[in-house]
Amino acid sequence: MPEAILTLNAGSSSIKFALFTFNHALSNIARGEIEGIGETPHFAIHGPHSELLLEKTWPHGETLSHEDLLSPVLEWVDHHLGDIKLAACGHRIVHGGDIFTAPTLLDDDALARLSTLDPLAPLHEPHNLAAVKAAMVLRPGLAQIGCFDTSFHKSMPAVATRFALPRNLRDQGVRRYGFHGLSYEYIAAQLRLAAPDIASGRVIAAHLGNGASACALRNGQSMDSSMGFTALDGLIMGTRTGALDPGVLLYLMQAHGMNADEITNIVYKKSGLLGISGISPDMRVLLASNAPEAAEAVESFTYAAAQHIAALVVPLGGLDGLVFTAGIGEHSPEIRAAICARLQWLGIAIDPLANAKNALVISKATSAVEIMVIPTNEEAMIARHCVTLLAQHAID
Ligand code: ADP
């Protein structure tokens, strides 16, 4: 008898979910998203062939809790599954800190410990945890499994995790962790299937979405990441700064009298592509715009991406493969070409025709580095972790 896994990825303005059945293999039977939380929440569920299965819009301005939002999702799931048992709800949780380095069954104690990490991921962690709490209330007894974006990076060597700060801060957990781990773990697995020779070598994966980072992989293991203590570091993102001289933060505090909340708002929500362009955090909008400010934002994005990719060649000592993934990485030939153009000195040569088609391999035969486009699937990775953890508990 097949069972099912529901995955939840809860953010500040949206909750993404996916439903999988598993017997011998996992099968994705539905995907959905609640968008516009805080404004006019709207939810839609699509089937495996993108067919619309259900749609609901709440009245504008209604204040809704995570329980209010998740309740119709879980009702639909129960109805849709019929006799199939929902075995677990798997949650994407951005920060596991030093405490949670593998997928974990969540209870009240685990939630209390995780909430101490809220300040390290203020844009994500509180929303991730609110969804877990809501699911616990709505479905008492259902296994809630936390899957952490930081866990995949536990293979990073100590030197990659170290800040040049006083040692006592390191002892208190002030170190580089790395994020987007569920995405990179999925990419590493897909790469093993699509190109095993490359997968066993030195690869940099670039996850270019609203959040953006790059990860150095050796034999499928994380060696370093452009993101550090928080998901602010590294590449320029939709609304986040990426790497920033810490002196800027001191200046904002001392010369502008800004407090932590004001600076948090600037560096997480008002910066990045939105900050530079003053137009939009959305790459599609910027690429379609004729405004010089939009072009500047795109230029800075590709410059920073190439810089961080180049820096990640150091821990690998060379490069065999470069993989693009996530919204921009999977769909924008223009951005991939601009980043690769800045990396030609590494022997990287992109094939314009394959790139225009978003093909799996987009490098020329003469390129020293295989360049690939691999769609990510964080939900599938969460579902795999849930199945593994449930099987382990069944054996224990
Ligand atoms: P998230 O990090 O929220 O999961 P996504 O991975 O969906 O985000 O990426 C969203 C980004 O991808 C947006 O900036 C969007 O404009 C960009 N994007 C999606 N499709 C394209 C496209 N065809 N060309 C350029 N950018 C795209």
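In listed order, ligands and their atoms are each counted from 1. Computed from heavy atoms alone, side chains included, the values below leave out hydrogens, waters and symmetry copies. The first residue in the sequence is number 1, and the count goes up from there.
Of all protein heavy atoms, the one lying nearest to atom 6 (O) of ligand 1 is Gly327 N, 2.9 Å. Ranking the protein heavy atoms by distance from atom 27 (C) of ligand 1 puts Arg284 CG, 3.6 Å first. Closest to atom 15 (C) of ligand 1 among all protein heavy atoms lies Asp282 OD1, 3.5 Å. When hydrogens are left out, the protein atom nearest atom 11 (C) of ligand 1 is Ile328 CG1, 3.8 Å; that is the closest non-hydrogen contact. Regarding atom 25 (C) of ligand 1, its nearest protein heavy-atom neighbour is Ser332 CB, 3.5 Å.
Between Arg240 and the choices Leu274, Leu123, Val267, the side chain to side chain contact (heavy atoms under 4.5 Å, CB included) rule is met once, by Leu123. Checking Met227, His308, Gln307, His207 one by one against Leu235, the side chain to side chain contact (heavy atoms under 4.5 Å, CB included) holds for a single residue, His308.
The closest heavy-atom contact to atom 2 (O) of ligand 1, among the options Ile335, Asn210, Leu286, comes from Asn210.
Linking Ile, Leu, Val, Met, Phe, Trp and Tyr residues whenever their side-chain heavy atoms come within less than 4.5 Å leaves Leu208 and Val94 in two separate clusters.
Using modelled atom types, one finds no donor on one side chain facing an acceptor on the other under 3.5 Å when comparing Thr264 with Asp261. No side-chain donor-acceptor contact under 3.5 Å links Ser271 and Thr241.
Those atoms of ligand 1 that come under 4.0 Å of a heavy atom in Gly211, given as number and element, are 2 (O). Within the listing of ligand 1, atoms 14 (O), 16 (O), 26 (N) sit less than 4.0 angstrom from a heavy atom of Met283. Atoms of ligand 1 found under 4.0 Å from any heavy atom of Lys16 (numbered from 1 in listed order, with element): 3 (O), 4 (O).
Within the 3.5 Å criterion, the main-chain N or O of Gly329 finds no donor-acceptor partner in the side chain of Ser332.
Using bins of under 30°, 30° to 60° and over 60° for the plane-to-plane angle, the ring pair Trp76/His80 lands in the parallel bin.
Annotation: Leu287 places no N or O atom under 3.5 Å from an N or O atom of ligand 1; distance criterion only.
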